[in-house]
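Report on the structure given below.
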Protein chains: 2
Amino acid sequence: MVDTLINSLTKAGMRLTSTRVAICNYLAGSQDHPTAAQIYAALKPDYPSLSLATVYNTLDVLVNAGAVNVLGQIGDGNVHFDPDTHPHINLACLKCHEIVDFTSQHTVEMEEIIRKESGYQIVGSRMVHYGICPACQESQNSEPTA
Amino acid sequence: MVDTLINSLTKAGMRLTSTRVAICNYLAGSQDHPTAAQIYAALKPDYPSLSLATVYNTLDVLVNAGAVNVLGQIGDGNVHFDPDTHPHINLACLKCHEIVDFTSQHTVEMEEIIRKESGYQIVGSRMVHYGICPACQESQNSEPTA
DNA sequence: TTATTTATTTATAATCATTATATATTTAGA
DNA sequence: TCTAAATATATAATGATTATAAATAAATAA
Ligand SMILES: [Mn+2]
Ligand SMILES: [Mn+2]
Ligand SMILES: [Zn+2]
Ligand SMILES: [Zn+2]
């Protein structure tokens, strides 16, 4: 939802500049787990004046507002973000660096329990299981044992 | 369990040198979520020749073996590790950078489901909820609104 | 509208955790 | 002991992120 993201910027007292809105639109439109550099590269053609700093700054605000989750690195040297804050597990492949969502009712219930019982003021979450995806397991087997 | 950690090194075909064992002992003894720098600082007095590179290298092996989990950063610029690989949620405070464990039966069941149904060859996990801990919420309230 | 202030963006430089490399050291085995 | 392989160290290189200062854009007032 773009609305949620844009709302977060407004609530944080920030102006809705075109680049900030563009970043929100990109995040809302993506079913992906992009890095700052990916967002920058995707928007640069349409917003030639965009700087990487603005991407980082905007992401920072969204993360602190809990509108976007930070998943962290997954073997590549880049922090991945998740615009989908619904409780779910992210399966990350250490080889091809793909991330796919894995939903389970457990996650939803656990989220509730944590927010109720932990005493923490929860901002966001980072639910990642990392390993080797089915496709990369295949290529592992077919490749020579070097 | 030191045994598990040391076993991982052996299985990876590594010799059990004193520094490697020391790192394993430190990890096994800690109920904490240390960074590479913290491990280095803790062991340096007893192992004056220890280098940070060895800490990073050993951690890398342990992580790839699934004997230690990488939680990632929590507001400070340092990657935190978790020697406790039992399924649990890590509650991280973005202010004081403390991490506490939060256990729930949901986590255990979910772990099983993921390993069974995802098709991924799971190496490790990173189950973090980040926010503000109770103590830091207090100090927030008592401090002037700047 | 025009001037004035404030917020934002950009471009650039600085930071610093992590990784890579080359040399020194240790270990295992003959 | 001697030799070769593995390991550790010290150091340098990398590169994502952060900080800074100048430029631009937006809001407000006159
Ligand atoms: Mn996701
Ligand atoms: Mn833990
Ligand atoms: Zn893969
Ligand atoms: Zn705290």
Side-chain angles (χ1 to χ4, degrees), chain A residues 6 8-24 26 33-64 68 70-81 94 97 126 130, chain B residues 6 8-26 33-65 68-81 92 94 97 126 130:
Chain A
I6 291 185
S8 300
L9 296 183
T10 309
K11 274 189 186 169
M14 313 196 75
R15 286 189 196 154
L16 297 181
T17 63
S18 66
T19 47
R20 284 175 182 168
V21 172
I23 292 168
C24 289
Y26 178 87
H33 303 84
T35 67
Q38 281 171 353
I39 297 169
Y40 174 74
L43 297 178
K44 188 71 175 173
D46 285 337
Y47 300 82
S49 78
L50 179 66
S51 76
L52 199 46
T54 297
V55 176
Y56 276 109
N57 290 338
T58 307
L59 280 171
D60 197 53
V61 174
L62 293 172
V63 166
N64 276 84
V68 167
V70 208
L71 300 186
Q73 303 181 12
I74 55 166
D76 57 355
N78 301 66
V79 171
H80 290 255
F81 296 86
L94 299 171
H97 307 130
R126 178 184 303 157
Y130 50 88
Chain B
I6 290 185
S8 300
L9 295 183
T10 309
K11 274 188 185 169
M14 312 195 78
R15 287 187 196 156
L16 297 181
T17 62
S18 65
T19 47
R20 283 176 183 169
V21 172
I23 292 168
C24 289
N25 274 313
Y26 178 86
H33 303 83
T35 66
Q38 281 172 352
I39 297 170
Y40 175 74
L43 296 179
K44 189 70 175 173
D46 285 336
Y47 300 83
S49 77
L50 179 67
S51 77
L52 198 47
T54 297
V55 177
Y56 275 110
N57 289 337
T58 306
L59 280 171
D60 197 52
V61 174
L62 293 173
V63 166
N64 275 83
V68 168
N69 283 336
V70 208
L71 300 185
Q73 304 179 10
I74 55 165
D76 56 358
N78 300 65
V79 171
H80 290 254
F81 296 87
L94 299 171
H97 307 130
R126 178 184 305 156
Y130 49 87

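Residue numbers begin at 1 in each chain, while the letters A, B, ... track the order of the sequences.
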Gap between atom CG of B:D46 and atom CG of B:N25 - 0.5 Å precision: 11.5 Å
Side chain to side chain donor-acceptor pair (under 3.5 Å) contacts touching residues 70-81 of chain B (sequence neighbours left out): B:D76-B:H80
Rounded distance (Å) that lies between atom C1' of D:dT24 and atom CG of A:L50: 15 Å
Between D:dA8 (C1') and B:K44 (NZ): distance, integer Å: 11 Å
Short side-chain N/O contact to D:dT9 OP1/OP2 from B:T54, under 4.0 Å: yes
Separation of D:dA19 P from A:N57 CG (nearest whole Å): 9 Å
Exceeds 12 heavy-atom contacts within 6.0 angstrom, atom NZ of B:K11: no
Point-to-point distance, once rounded to the nearest 0.5 Å, from CG of B:L62 to CD1 of B:I6: 10.0 Å
Where B:L52 and B:A36 come nearest, the two heavy atoms and their spacing: CD1-O, 4.0 Å
pair B:V63-A:Y130: side-chain heavy atoms closer than 4.5 Å: yes
Duplex segments of DNA chain D, taken as runs of at least three Watson-Crick or G-U pairs that stay under 3.5 Å: C:1-30 with D:1-30
Phosphate contact (C:dT9 OP1 or OP2) by A:T19 side-chain N/O below 4.0 Å: yes
Separation of atom CD1 in A:I23 from atom C1' in C:dT10, rounded to whole Å: 13 Å
Backbone of B:L71 reached by a side-chain donor or acceptor of A:R126 within 3.5 Å: yes
Gap separating the OG1 atom of B:T58 from the CG atom of B:L9, nearest 0.5 angstrom: 6.5 Å
Phosphate OP1/OP2 of C:dT10 contacted by A:S49 side-chain N/O (<4.0 Å): yes
A:L43 CG - C:dT9 C1' separation (whole Å): 15 Å
Letter per nucleotide, 5' to 3', of nucleotides 13-29 of chain C [B base touched, S only sugar-phosphate touched, - untouched; heavy atoms, 4.0 Å]: ----SSB----------
Distance in Å, A:T54 OG1 paired with A:I39 CD1, rounded so as to fall on 0.5 Å steps: 12.0 Å
Closest to the A:R20 side chain, choosing from C:dT10, C:dT8, D:dT9: C:dT8
Separation of atom CD in A:Q38 from atom C1' in D:dA16, rounded to whole Å: 14 Å
